[in-house]
Amino acid sequence: MRQQGFTLVEVLVALFVLAVGIVGAGAVQITAERTRQQASLRSEAAQLANALAARMRINPAIAALPDSTNPYLSFHYDAADGLPAAPALCFGGASCAPEYLAQFDLHEMRQLLYTQFPQGRVTVCRDASPWDPSTNSYRWNCDGALDALPVVKLGWQGTGEGPGVVMVLR
């Protein structure tokens, strides 16, 4: 007489294959979430850098200053330094001098970077060659070339794929 059904070994093999599939699906979900988070940070970084560039263009009195006294072009901030005290409120208009408007703009940039980017940092400078072809990435340090356009470099700590990613916009 022949018996029908599954042996214990067949059941264990089927459960093992099912477990491997579930673990693989979980790993894919984790990778997708990390990718989504980094894409979200890149999008927010692009918007933040563009907003700062627009504020720099709107404040023409400051743009006419030499680089050494231009508050935008000497702007460097690391969120690890903490959030500095807020300057006086300044939303433009006749009562707001260009240098106070620049201080207000830069403080808002610090606040947003501090709250939205893990271990974020930003620098604004002149850089003729922000891309490093040998490492296939952006350079954080600026060359200060006087004929170069100002760039906004925004970086933050990555999630699992190593050190921060740098966003450069002209």
Side-chain angles (χ1 to χ4, degrees), residues 20 23-84 86-87 90 92 98-170:
V20 167
V23 168
V28 167
Q29 287 290 357
I30 290 170
T31 302
E33 178 58 27
R34 282 186 187 146
T35 302
R36 187 211 55 79
Q37 182 183 19
Q38 283 301 311
S40 176
L41 284 173
R42 281 192 182 108
S43 176
E44 289 176 32
Q47 291 174 3
L48 190 57
N50 277 324
L52 181 59
R55 287 177 178 213
M56 289 168 61
R57 285 189 297 273
I58 289 172
N59 199 343
I62 297 296
L65 293 175
D67 288 1
S68 60
T69 58
N70 186 324
Y72 292 112
L73 289 176
S74 59
F75 180 58
H76 306 285
Y77 172 70
D78 189 332
D81 297 338
L83 192 59
C90 184
E99 59 273 7
Y100 294 124
L101 181 59
Q103 289 175 8
F104 182 75
D105 291 344
L106 297 175
H107 178 72
E108 281 196 337
M109 180 71 167
R110 286 182 196 101
Q111 278 186 314
L112 291 169
L113 192 73
Y114 185 80
T115 58
Q116 294 179 2
F117 291 89
Q119 298 175 8
R121 61 185 179 157
V122 63
T123 190
V124 180
C125 60
R126 293 190 186 275
D127 196 351
S129 56
W131 183 258
D132 185 357
S134 65
T135 60
N136 244 3
S137 64
Y138 289 111
R139 291 184 180 103
W140 186 256
N141 296 328
C142 300
D143 61 18
L146 295 176
D147 59 340
L149 293 172
V151 294
V152 177
K153 297 183 178 187
L154 199 150
W156 62 92
Q157 184 62 37
T159 55
E161 53 273 339
V165 178
V166 177
M167 185 61 105
V168 179
L169 299 171
R170 290 182 186 254

Heavy-atom pair with the smallest gap, counting every atom of Val151 and Lys153: CG2-CE, 3.8 Å

Can you say whether the rings of Trp131 and Tyr138 are parallel (under 30°), tilted (30 to 60°) or perpendicular (over 60°)? perpendicular

How far does CZ of Arg55 sit from CG of Leu52, to the nearest 0.5 angstrom? 8.0 Å

As an exercise, state the distance from OG of Ser68 to CG of Leu73, rounded to the nearest 0.5 Å. 10.0 Å

Note, Ile62 side chain near Leu65 side chain (heavy atom, < 4.5 Å): yes

Does the side chain to side chain contact (heavy atoms under 4.5 Å, CB included) test come out yes or no for Gln116 and Trp156, once each step is laid out? CA-CA 10 Å; Gln116 294 179 2; Trp156 62 92; over 6 Å; no

Please find the pair of heavy atoms, one from Arg121 and one from Asp78, that lie closest to each other, and give the distance. CB-CA, 4.0 Å

I need the Ile30 CD1 to Thr35 OG1 distance, nearest 0.5 Å. 11.5 Å

Does anything in residues 31-79 pair up under ring pair (Phe, Tyr, Trp, His ring centres under 6.0 Å), and if so which pairs, sequence neighbours excluded? none

So which heavy atom on Ala148 is nearest to which on Ala128, and how close? CB-N, 3.5 Å

Minimal non-hydrogen separation, Gly120 against Leu113, with atom names: C-CD2, 3.6 Å

Among Leu48, Val124, Leu41, the one residue meeting side chain to side chain contact (heavy atoms under 4.5 Å, CB included) with Leu154: Leu48

Calculate, to the nearest 0.5 Å, the distance between atoms CG and CD belonging to Asn70 and Glu99 respectively. 11.5 Å

Do the side chains of Asp127 and Arg139 get close enough for a salt bridge, i.e. N-O under 4.0 angstrom? no

